[in-house]
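To start, the structure itself, in structure tokens.
Quantities reported herein were computed from a predicted structural model and do not represent experimental measurements. Naming convention: chains lettered A, B, ... in sequence-line order (proteins, then strands); numbering from 1 in each chain.
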Amino acid sequence: MSQPPRKILVTAALPYANGHIHIGHLVEYIQTDIWVRFQKLKGNRCVFLCADDTHGTAIMIRARQEGRSEEALIADMREAHIRDFDGFDIEFDNYGSTNSAANRALCGDVWSALRKSGLIVEQDVTQLFDVQEGTFLADRFVKGICPKCGAVDQYGDNCEKCGATYSPGDLKDPVSTLSGTKPELRSAKHLFVRIEDLHGFLEEWTQSGEHLQPEVANYLKGHFLGEPLRDWDVSRPAPYFGFEIPDSPGNFWYVWFDAPIGYMASLREWCERTGEQFDDWWPRSISPSAGEGSASVEIHHFIGKDITYFHTLFWPAMLNAARFQLPARVHIHGFLTVGGEKMSKSKGTFVRGRTYLDHLDPSFLRYYFASKLTAKLDDIDMNLDEFVSKINSDLVGKVVNLASRTAKFVQETGLSDSYPVDGGLFARAAAEGDAIAAAYDGCDYNAAMRSIMALADRANKFIDDLAPWTLRKDPNRAADVRNVCTIALNLFRQLAVYLAPVLPRLAKQAGELLNSPIQSWADAQQPIAGTAVSPFQHMLKRVEPEQVSKMIAASQEAPATAASATTVDGPAALAAEPLVAETISIDEFSKMDLRVARVVAAEDVKESNKLLRLTLSLGGDVNRNVFAGIKGVYQPETLVGRLVIVVANLAPRKMKFGMSEGMVLAAGPGGKDIYILSPDSGAVPGQRVH
RNA sequence: GGCAGGGUAGCUCAGUGGUUAGAGCAGCGGCUUCAUAAGCCGCGUGUCGCGGGUUCGACCCCCGCCCCUGCUACCA
């Protein structure tokens, strides 16, 4: 019954600072947050850590395109991430950044341990180099013709058409997607970790059955552990946004080296803030196979299946080599699909967290995901109709309804002075607490939600059978009414405790209603009596399907609008700006390079009262950073995805906020009357306007 | 190609070597009207992907096949 409290360190994967949080990310953060809240409610000591993952080529390139520093970019994104997580009640004990002093120091520690173990080796790596941009090109930044089958537009590492794999040097007619220029082969020194030396350890750790789901263990065994492990390339030559390796000037730690160490850095920051000892929470392990004594801390990582091998091979290898305690468990979840399909920008199912919050209550998503999540790494599907009906019938119709149909009968009197005889209902539900707890602890939230809803059904039937609204008509039965409602409200409160990890707001509201705060999992074991009952207030609004469709519409990339109208147009516009009398030649016109472009990012320039910062794609990976004076007329979110016309050869202009590399065409006199030009549907980014 | 996971009622999913395979939602009929048009009762449906095999008996075990998804380290 009462085990000693566990000491648990929990991490969720670090979101990359290159994009906003979307509902796919939220599967993980909600899953983890529920687990952490559950552990805390159980009385365990639990620390929940996360951070922004900030390094790497993608960040460097994007910052360059936006004409600002990497630091400015990641600072903005971090702020947005924190705001989004907060909106979903995801409560980290510390939210750090991999670009922090703490992380640099810890990377240094781990690095020198690897050096001392003799695991670091040097090898030359030949890669394509973009001379114009002055940077080596990762495979995804090179396109060319497949050397095997001749398919065009293939990435540097493999061909999507014929499936051939090759090295970027083999690619025919390679083109850098950054600059559009032809890259050249150059070789540079890279540093590798010889993890094959740890093969035996990894075999044992991954296959022990204790740390990983069985599918994952099989995957690793089949894919990696069956043959010698290849050396892991952990450095990148300059220029690279990251930490320079102290004993190898000009080389930087690869982003996947410093990202997981970011977990530790976040812990260090938390320790500094709270006075806790780092070594108590992430000890140096004496034994390389990490003893998990009862007194020691358990480390739990929650990740998506896309980053499995980083967390189950490289990371344990690094920890082992540096003699840090290994994770007790890596919990791996699947991807989110919407309506049975991959999230899609054009279908509007690629929903950002922020967009969701503009339309819907975060509790809904928390509950919905909880009802779908199991311990397996299957993908989970978000069916929007089901989403609406689950929220409305489970949460509103079953759970909250228990309170809303009885609370007002006892508002005057409060709960009965002692808990009445209820035929064992409360006790039976209390007895299920351990099973529900086990489901939470084992990440089988689906099972937990099923059990809880079954309890809600029983409670509703109880009220229905006893019909307090009928009893109420007989003045002699006032005590019975009070007793029935006392039971009903206690059953409601019990459910609120069981749901508290998922729905912290509901738990708080239940506490306020009954004037008895929910603070612990054990609160579900004892009924309360004699407390006052506050006036009932709505706890959750039911979902209207229109809210969901609006959210989807707001997430949809604007399709070309087909407007047709036969109207009579007035002369005012022409009068305001008369036609220009002077003519130009076709040659003069053709000096202007007008292009179709797609808005791939749009954001507010805070310091300016007119400007939005737009990132325009001209196709491929050719992007332009353009400032447009349309703030207040267009919401940045509504621009993303739509096609515009840009003057591509307008001389770049340095502005206070960065470089503006073009101009988006719009009609209208200005002020609020600004109308961006769109090409007809069918146009694609990069096409020239003639 | 290989590997992993999945294919169970209209939808989303549970499930176990053994009597007539389940839940929620949707649908249909009734009751109720306290409650956020909420609640309660009753009803239906399924070749449990296909074909073999093991077994007294398989949706669950084995083999083959089909379909879906994902992965396939020096990309993130």
Side-chain angles (χ1 to χ4, degrees), chain A residues 16 18-19 53 56-59 123 125 127 137-142 155-158 163 165 167-168 190 192-193 195 213-224 226 229-236 254-256 259 304-310 313-314 334-335 337 339-342 368 371-372 374 376-383 385-390 392-398 400-409 444 446-447 449-450 453-454 456-457 459-472 481 484-485 488 536-543:
Chain A
Y16 201 47
N18 195 26
D53 181 17
T57 311
I59 298 287
Q123 287 169 38
V125 171
Q127 266 186 303
L137 296 166
D139 296 342
R140 60 188 287 251
F141 293 113
V142 190
Y155 285 113
D157 52 349
N158 68 76
T165 55
S167 68
H190 282 230
F192 291 74
V193 183
I195 58 172
Q213 289 129 300
E215 310 92 291
V216 178
N218 289 342
Y219 157 75
L220 296 172
K221 191 173 184 149
H223 274 91
F224 306 106
L229 294 160
R230 292 188 218 166
D231 296 341
W232 182 35
D233 186 352
V234 291
S235 78
R236 294 294 182 273
Y254 173 49
V255 57
W256 265 110
K305 61 186 183 180
D306 51 331
I307 55 176
T308 297
Y309 60 72
F310 292 109
L313 291 177
F314 302 146
F335 297 140
T337 56
E341 297 178 353
K342 267 191 213 182
Y368 185 74
S371 77
K372 307 292 275 188
T374 66
K376 295 196 254 179
L377 42 68
D378 297 340
D379 292 348
I380 68 172
D381 185 50
M382 178 161 183
N383 178 294
D385 294 335
E386 187 198 34
F387 172 78
V388 173
S389 75
K390 243 187 182 8
N392 289 344
S393 58
D394 290 2
L395 294 186
V396 179
K398 290 180 181 175
V400 174
N401 196 218
L402 288 170
S404 71
R405 67 195 303 205
T406 54
K408 76 171 190 185
F409 298 151
D444 196 356
N446 166 283
M449 296 307 111
R450 273 167 202 275
M453 286 310 136
D457 286 341
N460 272 305
K461 180 166 162 44
F462 166 81
I463 297 173
D464 224 72
D465 291 346
L466 276 286
W469 50 91
T470 306
L471 298 176
R472 225 166 131 250
V481 172
V484 168
C485 294
F536 181 78
Q537 292 175 345
H538 273 22
M539 298 182 182
L540 289 169
K541 269 209 200 97
R542 78 190 359 261
V543 196

Next item on the list: Would you give a per-nucleotide map of nucleotides 35-41 of chain B, 5' to 3', where B means the base has a protein non-hydrogen atom under 4.0 Å away, S means only the sugar-phosphate does, and - means neither?
Entry: BB-SBSS
If we call it a pair only when both distances are under 3.5 Å in a Watson-Crick or G-U wobble match, what pairs with [N]?
| N | value |
| --- | --- |
| B:rU33 | none |
| B:rA14 | none |
| B:rU19 | none |
| B:rC43 | B:rG27 |
| B:rC60 | none |
| B:rG2 | B:rC71 |
| B:rC65 | B:rG49 |

Would you classify [X] as touching base, sugar-phosphate or nothing, given that sugar-phosphate means primed atoms plus P, OP1 and OP2, and contacts are heavy atoms under 4.0 Å?
| X | answer |
| --- | --- |
| A:Asp385 | nothing |
| A:Phe192 | nothing |
| A:Leu229 | base |
| A:Lys342 | sugar-phosphate |
| A:Tyr219 | sugar-phosphate |

Checklist line | Polar contact flag, side-chain donor to acceptor under 3.5 angstrom, A:Ser389-A:Asn392 | finding: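 Note: A:Ser389 and A:Asn392 side chains miss the donor-acceptor criterion.
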Item checked: A:Asp465 with A:Lys461: basic N within carboxylate O range, under 4.0 Å ->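 Salt bridge present between A:Asp465 and A:Lys461.
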Margin query: Can you tell whether the side chains of A:Asp464 and A:Arg405 come within less than 4.0 Å, N to carboxylate O?
Written below: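 A salt bridge is present here (some side-chain N lies under 4.0 Å from a carboxylate O).
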Item checked: Residue closer to the 5' end of RNA chain B, A:Asp379 versus A:Asn383 (nearest nucleotide) ->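 By nearest-heavy-atom nucleotide position, the 5'-most residue is A:Asn383.
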Next item on the list: For A:Thr57 and for A:Glu215, find the nucleotide of RNA chain B with the closest heavy atom, then tell me which residue's nucleotide is more 5'.
Entry: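 Checking each residue's closest nucleotide, the 5'-ward one belongs to A:Glu215.
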Check: With respect to the side chain of A:Phe409, which nucleotide from B:rA23, B:rA73, B:rC34 is positioned closest?
Finding: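 For A:Phe409, the side-chain atoms sit closest to B:rC34.
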Between [M] and [N], how far apart are the [atom1] atoms? Round to whole Å, please.
| N | M | atom1 | answer |
| --- | --- | --- | --- |
| B:rU8 | B:rC60 | P | 14 Å |
| B:rG24 | B:rU19 | C1' | 26 Å |
| B:rC11 | B:rG46 | P | 15 Å |
| B:rG1 | B:rC62 | C1' | 25 Å |
| B:rA9 | B:rC3 | P | 28 Å |
| B:rA58 | B:rG49 | P | 15 Å |

Notebook entry, point to check: When you measure from the side chain of A:Asn446 to the backbone N and O of A:Ser371, does any donor-acceptor pair fall under 3.5 Å?
Noted result: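 Looks like yes, one N/O pair under 3.5 Å.
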Notebook entry, point to check: Would you find more than 12 non-hydrogen atoms of other residues, nucleotides or ligands less than 6.0 Å from A:Lys305 atom NZ?
Noted result: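 Yes, the 6.0 Å shell around NZ holds more than 12 heavy atoms from other groups.
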Check: Should we say atom CD of A:Gln537 is surrounded by more than 12 heavy atoms from elsewhere, each under 6.0 Å from it?
Finding: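 Check fails, neighbour count at 12 or below.
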Margin query: Can you tell me how the ring of A:Trp232 sits relative to the ring of A:Phe310, calling it parallel under 30°, perpendicular over 60° and tilted otherwise?
Written below: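 The arrangement is tilted - the two ring planes meet at 30° to 60°.
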Next item on the list: For B:rU69, take OP1 and OP2 only and decide whether either is under 4.0 Å from a side-chain N or O of A:Lys305.
Entry: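 No.
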Item checked: Minimum-distance pair of heavy atoms, taken over all atoms of A:Asp231 and A:Gln123 ->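 Of all heavy-atom pairs spanning A:Asp231 and A:Gln123, the closest is OD2-NE2, 2.9 Å.
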